[in-house]
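In the text below, chain A, chain B and the rest are named by the order of the sequence lines, each starting its count at 1. This structure is a prediction, so every number in the text was calculated from the model and none was measured. Every heavy atom of this structure was used, including side-chain atoms; hydrogens, water molecules and symmetry mates were not.
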2 protein chains.
Amino acid sequence: MKNKKDQDTEQQILQAANRVFQKKGYEGARMQEIANEAGINKALLHYYFRSKEKLFDRIFREAFSNFWPSIEKVTKGGNAEIKELIEAAVNGYMDILEDKPFLPAFIVGEINRSPERIKDLLLSTGLQPEKVLKIVQDAIDAGEIVEMDPRELIVNIVSLSIFPFIGRPLLSSMFWESTEEFDLFLKDRRKTVYEFICRSIMKRT
Amino acid sequence: MKNKKDQDTEQQILQAANRVFQKKGYEGARMQEIANEAGINKALLHYYFRSKEKLFDRIFREAFSNFWPSIEKVTKGGNAEIKELIEAAVNGYMDILEDKPFLPAFIVGEINRSPERIKDLLLSTGLQPEKVLKIVQDAIDAGEIVEMDPRELIVNIVSLSIFPFIGRPLLSSMFWESTEEFDLFLKDRRKTVYEFICRSIMKRT
DNA sequence: GTCTATATAGGGATAGAC
DNA sequence: GTCTATCCCTATATAGAC
């Protein structure tokens, strides 16, 4: 049963490539290291994926598509509660990032390296930023939250959720005893970030 | 007067190296490209800075030391107003980042590449995180702001200030018509971020 | 499909003339 | 101090046997 073996090797390669590319970036990654991690040799790597570029593209597209929290449940109807949206976004990011803490640094680093493909990548995700903006705008129009550029709120939510993972080495060195303790702090953030944002935008009656 | 010329060439190199390293990172940067940008050749590059590693180290240390907004005026006394601290921090970052928007992506990317030198780098900056934490803690004890882990506030200030610059390509593609318009948004942030934070933490009487 | 061996290019670094 | 020419190693990629 050759097919089984093929699948297996390809998966080994993809997992190894994922680890190495995410840690070292495209330029820093070595095909040799990926081969070693996958338990095969370089030639076989090129047999499966013709070039480093192609292998990277596969990995990066996958990573990029995993980067967006699923908030469809909230946006579907179109007239969701703003608090639901915030909670879904924050929790969504936390779920992803606790599992893959190096994802954001990888994404932003590689996008910075070649910004030209952003449009293409975004299209393939099928994201609909307008829907999210509309929910925020509706909440403003309804007087539920303070007046602001809806995009400002989005940027703030994303910043508060993602940045601590990007700045983890620096932040933990400066303000925590160990990275383990910092990770505990990160675990709490799904609650504290939500509260921090709500305190700022909700109108009191 | 040879000395003048030396200085000049060295400066050319440093500026070129700065541009190239910040854009491409250590692994992606090419000594050839730095030489071209500086208007000289590779050999002369090695004459001034013996190796790529040494040249990079020089650039990175400089960049790292420029990364910290000066808030000494506020922290000196030790009993500063919390609002002053926030304003100084946000404005400090905005000043730096409007001038050098790629600095944070560069710093976090390279620190990720070799996290072991963080301690050394932080020491050489002479930063005193405790002082900042104390100001926040005092404000909490005095009942001026809501109860929270002081480090949480710091992390939030830093996240809101820095992340939009790191995520600029993505954010601007998703929510703005052009990068120019996004930059206008960034200009406003020194006000909106400050207000966003204050609304969240200040107790109403 | 998987391996060993090798071709080829690119990039960091040095030698040596001026 | 600055250049040209070149060395040498490393990394991607391919050829060809099994």
Side-chain angles (χ1 to χ4, degrees), chain A residues 1-63 106 109-110 112-114 117, chain B residues 1-63 106 109-110 112-114 117:
Chain A
M1 217 179 202
K2 283 256 173 179
N3 204 6
K4 177 67 197 324
K5 193 63 185 299
D6 293 5
Q7 291 285 329
D8 207 55
T9 303
E10 187 168 333
Q11 287 308 313
Q12 289 296 321
I13 293 176
L14 287 173
Q15 286 173 25
N18 202 49
R19 281 194 296 274
V20 175
F21 277 133
Q22 293 221 20
K23 191 167 178 182
K24 309 274 181 86
Y26 178 80
E27 295 286 354
R30 296 291 170 257
M31 294 295 265
Q32 183 63 61
E33 191 179 352
I34 295 174
N36 291 344
E37 285 234 1
I40 55 166
N41 58 36
K42 279 191 294 178
L44 200 53
L45 214 50
H46 282 87
Y47 173 80
Y48 275 88
F49 305 87
R50 308 216 339 186
S51 68
K52 181 183 183 181
E53 186 65 43
K54 284 187 167 56
L55 176 55
F56 177 81
D57 194 66
R58 172 73 175 273
I59 296 295
F60 187 70
R61 296 192 104 84
E62 172 79 7
F106 177 57
E110 294 304 323
N112 200 283
R113 194 173 63 89
S114 47
R117 49 180 161 171
Chain B
M1 214 177 206
K2 285 258 173 179
N3 204 5
K4 176 71 197 320
K5 193 65 186 298
D6 293 5
Q7 291 285 328
D8 208 56
T9 304
E10 188 168 333
Q11 286 308 313
Q12 290 295 323
I13 293 176
L14 286 173
Q15 285 173 27
N18 202 49
R19 281 195 296 275
V20 176
F21 277 133
Q22 292 220 20
K23 191 167 179 182
K24 309 273 180 87
Y26 178 80
E27 295 286 355
R30 296 288 170 261
M31 294 296 266
Q32 184 62 61
E33 191 179 354
I34 295 174
N36 290 345
E37 285 234 3
I40 56 167
N41 58 38
K42 274 193 297 177
L44 199 53
L45 214 51
H46 282 90
Y47 173 80
Y48 276 88
F49 304 87
R50 310 213 341 175
S51 69
K52 182 183 183 182
E53 185 66 42
K54 283 187 168 54
L55 176 55
F56 177 81
D57 194 65
R58 171 74 174 272
I59 297 295
F60 187 69
R61 296 193 104 82
E62 173 79 7
F106 177 57
E110 294 303 323
N112 200 282
R113 194 173 63 87
S114 46
R117 49 179 163 175

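- Distance, B/Leu44 CG to C/dC18 P: 18 Å, rounded to whole Å.
- For the atom pair CD (B/Glu62) and CG (B/Asp57), the distance works out to 12.0 Å, reported to the nearest 0.5 Å.
- In this model, the phosphate group of C/dT2 is approached by a side-chain N or O of A/Thr9 to a distance below 4.0 Å at OP1 or OP2.
- The interatomic distance linking A/Leu45 (CG) with D/dT14 (P) rounds to 12 Å, in whole Å.
- With salt bridges taken as basic N to acidic carboxylate O contacts below 4.0 Å, none links B/Glu27 and A/Lys24.
- B/His46 places its NE2 atom 16 Å from the P atom of D/dT2, with the value rounded to the nearest Å.
- For the pair B/Lys52 NZ and D/dC8 P, the computed distance is 21 Å after rounding to whole Å.
- For the pair B/Arg113 and B/Phe56, the cation-pi test (distance below 6.0 Å, angle within 45°) is passed.
- Among the protein residues, A/Ala35 comes within range of no part of the nucleic acid, since none of its heavy atoms lies under 4.0 Å from any strand.
- Residue A/Phe21 comes nearest to A/Phe106 through the heavy atom pair O-CE1, 3.3 Å, listed as atom of the first residue, atom of the second, then distance.
- To the nearest angstrom, P of C/dA9 lies 17 Å from CZ of B/Arg30.
- Side-chain proximity of A/Tyr47 to C/dG1, D/dT4, C/dT4: nearest is C/dG1.
- In this structure, the separation between CG on A/Asn112 and NZ on B/Lys23 is 9.5 Å, given to the nearest 0.5 Å.
- Summarising the geometry, the separation between OH on A/Tyr48 and C1' on C/dG1 is reported as 6 Å, rounded to the nearest angstrom.
- Taking atom CZ on B/Arg50 and atom P on C/dA13, their separation rounds to 10 Å, with Å as the unit.
- Atom CG in B/Leu55 sits about 14 Å away from atom C1' in C/dA13, given to the nearest Å.
- In terms of position on DNA chain D, the residue among A/Met31 and B/Ile40 whose nearest nucleotide sits closer to the 5' end is B/Ile40.
- Minimum atom distance to the side chain of A/Lys42 is reached by D/dT12, of the listed C/dT2, D/dC3, D/dT12.
- Close to D/dT2, at under 4.0 Å from its OP1 or OP2, lies no side-chain N or O of B/Asn41.
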